[in-house]
Chemist: 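After the structure tokens below, expect a handful of questions from me.
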Amino acid sequence: MGPCSRRRPEPKFQGCSFRREVSSGSPGSDFRYPGNGPGRPLGACGMELEDAKELKERCAQCAAVSWGLTDEGKYYCTSCHNVTERSKEVTNTDVIPNTKIKSISRGLKRRSKLEAASVCSGSLDGVEYSERKEKGVVKMTVPRTLALCYLSLLWQREAVTLSDLLRFVEEDHIPYIKAFQNFPEEMKLYGRDKGIFAIESWPDYEEIYKHTVEIATFLDLPRFPDITKDCFLHPNILCVKYLMEANLPDEMHGLIHQVTEMTGWGEVDSLTFDPIAKAATTVKYDVLAVALIVVVLKLLFLLDDSVEWSLSDLAEVNNEKNKTGKPWFSFRKWYHVMKRTLEEQRRKWEDARAKYMWKSEKPLYHSHIDKPVAYKRREVVVNLQKQFSTLLDPAPTVTKKSAASFQLSWAEGDPGRPCFHSHSLGGVLLKKGQALVTKNSLYWLSTQKFCRSYCKHVTTYEESNFSLSYQFLLNLFAFLLRVKAALLHDEVSLIEKKLFKKKYNEAKKNPRSRKGRR
């Protein structure tokens with residue numbers, strides 16, 4: 001095949017743009033490329049000739065030594081346009097005008113035009129998330145993501161309660177408030193996404209609990225693994241944890257076990273979560289365990305601001321006379337120790353919340369136009385916080401504690417923080433035959449008002465209607481669980497409803513009667 005019948009390759013030059021200029025010269029010079037200059041062979045620019053100058057062989061057609069490169073990286077003669085089968089070895093992909101490299105480059109450009117389009121619009125489903133929720137549609141949010149994590153822990157029957165999970169969030173062991181800071185570079189928040197991930201409040205126990213039931217029902221999950229007596233979430237085991245943390249006697253565990261069995265809360269079907277059941281509800285395991293402790297304390301001490309102090313007098317007199325045996329549990333001494341501890345812990349908790357850095361290290365902004373303003377504001381905030389921190393708290397910041405199951409720990413032999421775990425209930429229990437009965441024979445129901453409709457909220461909690469001892473107990477355990485005292489009061493009322501069915505029905509007819517014989 002002669003040189004005239006060969007197809008002239010269309011060279012593409014990376015890094016230099018060109019256009020064809022019509023010239024009135026001879027037919028051999030119909031097209032010129034800017035930058036070729038006079039006397040330079042047509043069809044190649046200086047960059048292309050530089051890339052192919054390493055080939056010194058003569059052209060088989062015209063014996064010229066003037067080579068260029070095609071798109072495929074093959075050599076062709078710029079004089080007669082003869083294309084050889086010889087290719088240039090790829091040593092530097094930045095210089096060779098390879099088609100594949102060009103396509104990747106075009107893809108990156110399209111992608112950059114798209115990380116640019118999302119500056120104002122956000123993710124593809126950001127707009128959909130910001131619209132009104134349609135009936136039956138569950139859209140994932142940060143609180144729902146936390147609920148999904150709890151569901152997985154519940155499925156595995158891990159030794160982590162919902163209150164533990166929320167506390168780990170507060171202590172910054174689980175990303176939640178500023179979770180977007182851990183996102184990769186490709187997931188920067190823009191536009192509507194800011195409203196999804198920019199959380200400005202701590203997770204609420206009841207809200208996460210509600211989302212847990214909602215997600216499990218929406219996903220149509222099967223019955224969860226059984227909560228048996230050897231499982232951490234069973235009340236008989238979980239109560240031990242809160243007895244230890246609340247610095248209460250170990251002997252209370254036997255009474256709690258009896259109340260658990262009498263109310264039916266120890267049964268597997270009562271404790272196991274079944275989303276596909278008619279009434280899909282999960283048990284608030286931590287709240288249930290604490291409520292059982294409160295009920296037992298009411299059985300032992302009545303907690304009416306009178307009986308518990310009388311029993312404390314008897315215990316203190318006995319402890320003065322008998323210093324060799326097990327000391328009797330004194331509610332008064334326990335109250336003073338726990339009140340001081342609760343005040344210290346609450347003050348630390350409030351200080352930590354007040355000093356919490358709500359603004360992230362990486363400021364959020366809706367578009368690149370807002371970026372300088374956002375960073376400037378962030379810089380001003382950081383400078384002000386540094387100045388105020390120096391004035392108010394010159395002490396160095398404390399390192400973040402590791403995640404732990406217990407918030408409060410007690411040890412024997414510490415006079416400042418006495419431990420009551422080994423104390424005896426001898427002052428409040430009497431032996432009657434083979435059984436032990438409480439010296440206190442009275443009990444008042446926590447229920448004050450009853451809902452007329454059939455629902456689980458059988459009471460309302462108003463502090464002024466209850467004794468100071470009862471209020472203190474609810475506030476102590478509510479702080480440990482990070483829940484509202486009213487939620488714990490509701491759970492106590494539900495246990496009492498099962499424990500004293502007859503008494504409950506009588507009180508329902510006459511709500512004013514608070515005390516009576518068991």
Side-chain angles (χ1 to χ4, degrees), residues 149-167 205 209 212-213 216 221-300 404-410 421-422 424-425 429 434-438 456 477 480-481 483 487-488 490-501:
C149 292
Y150 176 62
L151 269 178
S152 64
L153 292 170
L154 185 57
W155 181 271
Q156 296 292 333
R157 297 188 297 182
E158 292 288 345
V160 179
T161 62
L162 180 55
S163 58
D164 289 333
L165 192 66
L166 300 189
R167 181 166 54 85
Y205 186 101
Y209 170 81
T212 300
V213 179
L221 296 178
R223 178 185 168 102
F224 276 48
D226 291 344
I227 304 297
T228 55
K229 290 185 178 180
D230 59 345
C231 178
F232 174 81
L233 297 176
H234 194 280
N236 290 345
I237 297 180
L238 195 54
C239 282
V240 176
K241 172 189 174 182
Y242 294 115
L243 283 176
M244 294 177 64
E245 197 158 21
N247 199 12
L248 289 166
D250 300 335
E251 289 185 10
M252 285 183 59
H253 182 255
L255 293 173
I256 293 172
H257 177 77
Q258 293 182 37
V259 174
T260 303
E261 295 301 316
M262 292 172 65
T263 55
W265 279 118
E267 300 174 2
V268 173
D269 290 339
S270 301
L271 296 170
T272 305
F273 180 37
D274 190 0
I276 60 177
K278 290 183 179 179
T281 55
T282 56
V283 178
K284 300 168 184 172
Y285 300 98
D286 38 16
V287 179
L288 172 63
V290 166
L292 286 167
I293 295 175
V294 174
V295 170
V296 170
L297 285 171
K298 286 181 67 178
L299 287 169
L300 293 171
S405 297
F406 290 90
Q407 301 175 69
L408 305 176
S409 58
W410 308 92
H421 291 159
S422 59
S424 169
L425 296 176
L429 289 178
Q434 298 296 326
L436 289 174
V437 296
T438 59
K456 290 194 173 182
F477 285 115
L480 293 178
L481 299 186
V483 299
L487 176 63
L488 182 53
D490 285 348
E491 199 71 27
V492 171
S493 301
L494 289 173
I495 294 173
E496 291 175 348
K497 181 179 179 180
K498 292 187 175 184
L499 191 61
F500 305 109
K501 290 182 180 179

Chemist: With distance as the sole test, does D286 use its side chain to make a donor-acceptor pair with the main-chain N or O of S163 at under 3.5 Å?
Modeler: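 Present.
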Chemist: Which pair of non-hydrogen atoms, one from L292 and one from P235, has the smallest distance, and what is that distance?
Modeler: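 In terms of heavy atoms, the two residues are closest at CD1-CB, 3.7 Å.
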Chemist: When rounded to the nearest 0.5 angstrom, what is the spacing between CD1 in I293 and CG in L488?
Modeler: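 Interatomic distance, I293 CD1 to L488 CG, rounded to 0.5 Å: 10.0 Å.
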Chemist: Kindly indicate, with the supporting measurements, whether the criterion side-chain contact (heavy atoms from CB on, under 4.5 Å) is fulfilled by L162 and Y209.
Modeler: CA-CA 8 Å; L162 180 55; Y209 170 81; 4.1 Å; yes
Chemist: Report yes or no: does T263 contribute a side-chain atom to a donor-acceptor pair with the main-chain N or O of K498 at less than 3.5 Å?
Modeler: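 Looks like no, no N/O pair under 3.5 Å.
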Chemist: Should V295 and E491 count as side-chain neighbours, where that means a heavy-atom distance under 4.5 Å?
Modeler: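 Not touching, per the 4.5 Å side-chain cut-off.
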Chemist: Which residue pairs pass the salt bridge (Lys or Arg N to Asp or Glu O under 4.0 Å) test with at least one member in residues 245-256, sequence neighbours excluded?
Modeler: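 Listed by first then second residue: E251-K326.
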Chemist: For D226 and T228, which I'm curious about, is there any donor-acceptor pair between the side chains at under 3.5 Å?
Modeler: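 On atom types as modelled, these side chains do not qualify, holding no pair under 3.5 Å.
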Chemist: Which heavy atom of P222 sits nearest a heavy atom of P275, and at what distance?
Modeler: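 Result for this residue pair: O-CD, 3.3 Å.
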Chemist: Hey, is the main chain of S405 close enough, under 3.5 Å, to the side chain of R167 for a donor-acceptor pair?
Modeler: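 Side chain of R167 to backbone of S405: a pair is present.
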Chemist: Start with the C-alpha distance between K284 and L487, add both sets of side-chain angles, then the distance that settles side-chain contact (heavy atoms from CB on, under 4.5 Å), and finish with yes or no.
Modeler: CA-CA 10 Å; K284 300 168 184 172; L487 176 63; 3.3 Å; yes
Chemist: Any chance you could lay out the side-chain contact (heavy atoms from CB on, under 4.5 Å) test for L288 and I495, step after step, and finish with the verdict?
Modeler: CA-CA 9 Å; L288 172 63; I495 294 173; 4.0 Å; yes
Chemist: Check D164 with K241, please: is the shortest side-chain N to carboxylate O separation under 4.0 Å?
Modeler: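 Salt bridge flag = yes for D164 with K241.
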Chemist: Nearest 0.5 angstrom please: T161 OG1 to Y205 OH, how far?
Modeler: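 Result: 7.0 Å between the selected atoms.
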Chemist: If you look at every heavy atom in Q407 and L480, which pair is closest and at what distance?
Modeler: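 Result for this residue pair: NE2-O, 2.8 Å.
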Chemist: Show the nearest heavy-atom pair for residues Y150 and V160, with the distance to one decimal.
Modeler: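 Residues Y150 and V160, closest heavy atoms: CE1-O, 4.3 Å.
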Chemist: Return the minimal non-hydrogen interatomic distance between C239 and A289, and the atom names on each side.
Modeler: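 Between these two residues, the closest heavy atoms are SG-O, 3.4 Å.
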Chemist: Nearest 0.5 Å, what's the CG-CG distance between L494 and L499?
Modeler: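 The CG atom of L494 sits 12.5 Å away from the CG atom of L499.
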Chemist: Considering non-hydrogen atoms only, spot the tightest contact between V240 and H253 and give its length.
Modeler: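 Smallest heavy-atom distance, with atoms named: CG2-CD2, 3.4 Å.
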Chemist: Answer yes or no: is there a side-chain heavy-atom contact under 4.5 Å between E261 and N236?
Modeler: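 SC-SC contact between E261 and N236 confirmed.
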Chemist: Check each of L243, I256, L248 against V296 using the side chain to side chain contact (heavy atoms under 4.5 Å, CB included) test, and report the only one that passes.
Modeler: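 Going through L243, I256, L248 one by one, the side chain to side chain contact (heavy atoms under 4.5 Å, CB included) with V296 is satisfied by I256 alone.
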Chemist: T272 side chain to I227 main-chain N or O, any donor-acceptor pair under 3.5 Å?
Modeler: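 Pair found, side chain donor or acceptor close to backbone of I227.
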Chemist: Output all residues satisfying ring-ring contact (aromatic ring centres under 6.0 Å, His included) with F224, sequence neighbours left out; order by chain, then residue number.
Modeler: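 Partners of F224 by the ring-ring contact (aromatic ring centres under 6.0 Å, His included) criterion, ordered by chain and then number, come out as W155, F273.
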Chemist: From Y285 OH over to L233 CG, what is the distance, rounded to the nearest 0.5 angstrom?
Modeler: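 Output value for this atom pair is 6.0 Å.
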Chemist: How long is the gap from CZ on R157 to CG on D230, to the nearest 0.5 Å?
Modeler: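 If we round to the nearest 0.5 Å, R157:CZ and D230:CG are 7.0 Å apart.
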Chemist: Could you check D269 against R223 for side-chain contact (heavy atoms from CB on, under 4.5 Å), going step by step and ending with a plain yes or no?
Modeler: CA-CA 10 Å; D269 290 339; R223 178 185 168 102; 3.1 Å; yes
Chemist: Look up atom CG in L429 and atom CG in L300, then write down how far apart they are to the nearest 0.5 Å.
Modeler: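 One gets 6.0 Å once the value is rounded to the nearest 0.5 Å.
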Chemist: Keeping H421 on the side-chain end and M244 on the backbone end, is there a donor-acceptor pair under 3.5 Å?
Modeler: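 Answer holds: yes.
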Chemist: Compare all side-chain heavy atoms of L299 with those of V259 and state whether any distance is below 4.5 angstrom.
Modeler: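 They are in side-chain contact.
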Chemist: Looking only at atom types and distance, does a side-chain atom of Y242 sit under 3.5 Å from a main-chain N or O of V287, one as donor and one as acceptor?
Modeler: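 Here the side-chain-to-backbone pair does not exist.
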